[in-house]
Amino acid sequence: MLETVRKRLRGLVKLIDKQMRKPIYTDFEDQIGDETAVELPGFVQSDSFERFRAKARVFLKEHWDHITIHKLRMNKALTRSDLDSWKRC
């Protein structure tokens, strides 16, 4: 529900006259504590990520003409049928 309200308000914000808006100034001070190393289980190392990136590029080149990839390249919204057809690849 909160998401719906947020989206409806987002559409209304553009209607506010820009000259009527008063600027809001803040004066925050960041407080950063001591550095602590955190180990993340399941996080891939950088060399593993590079291998993943290479595999992903090969896969995308093989499916370059698929309608779902085309829509992503053109920044178009995907439909449920697009996702279903993609799962069949």
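Heads up: numbering here begins at 1 and tracks the sequence.
Residues meeting the side chain to side chain contact (heavy atoms under 4.5 Å, CB included) test with Ile32, sequence neighbours left out: none. Residues forming a side-chain hydrogen bond (donor to acceptor under 3.5 Å, both in side chains) with Thr79 (at least two apart in sequence, or on another chain): Ser81, Asp82. Residues passing the side chain to side chain contact (heavy atoms under 4.5 Å, CB included) test with Arg73 are Trp64, Ile69, His70, sequence neighbours excluded. The side-chain hydrogen bond (donor to acceptor under 3.5 Å, both in side chains) check on His63 picks up nothing, with sequence neighbours excluded. Contacts of Phe52 classified as ring-ring contact (aromatic ring centres under 6.0 Å, His included), with partners at least two apart in sequence or in another chain: none. Among residues two or more places apart in sequence or in another chain, the side chain to side chain contact (heavy atoms under 4.5 Å, CB included) test is passed with Asp84 by Arg80, Lys87.
A chain of hydrophobic side-chain contacts below 4.5 Å, direct or via other Ile, Leu, Val, Met, Phe, Trp or Tyr residues, connects Leu83 to Leu72.
Pairs engaging residues 54-69 under the salt bridge (charged side-chain N to carboxylate O under 4.0 Å, His left out) rule: none recorded [sequence neighbours left out].
For Ser85 against His66, the heavy-atom pair with the smallest separation is OG-CE1, 3.6 Å.
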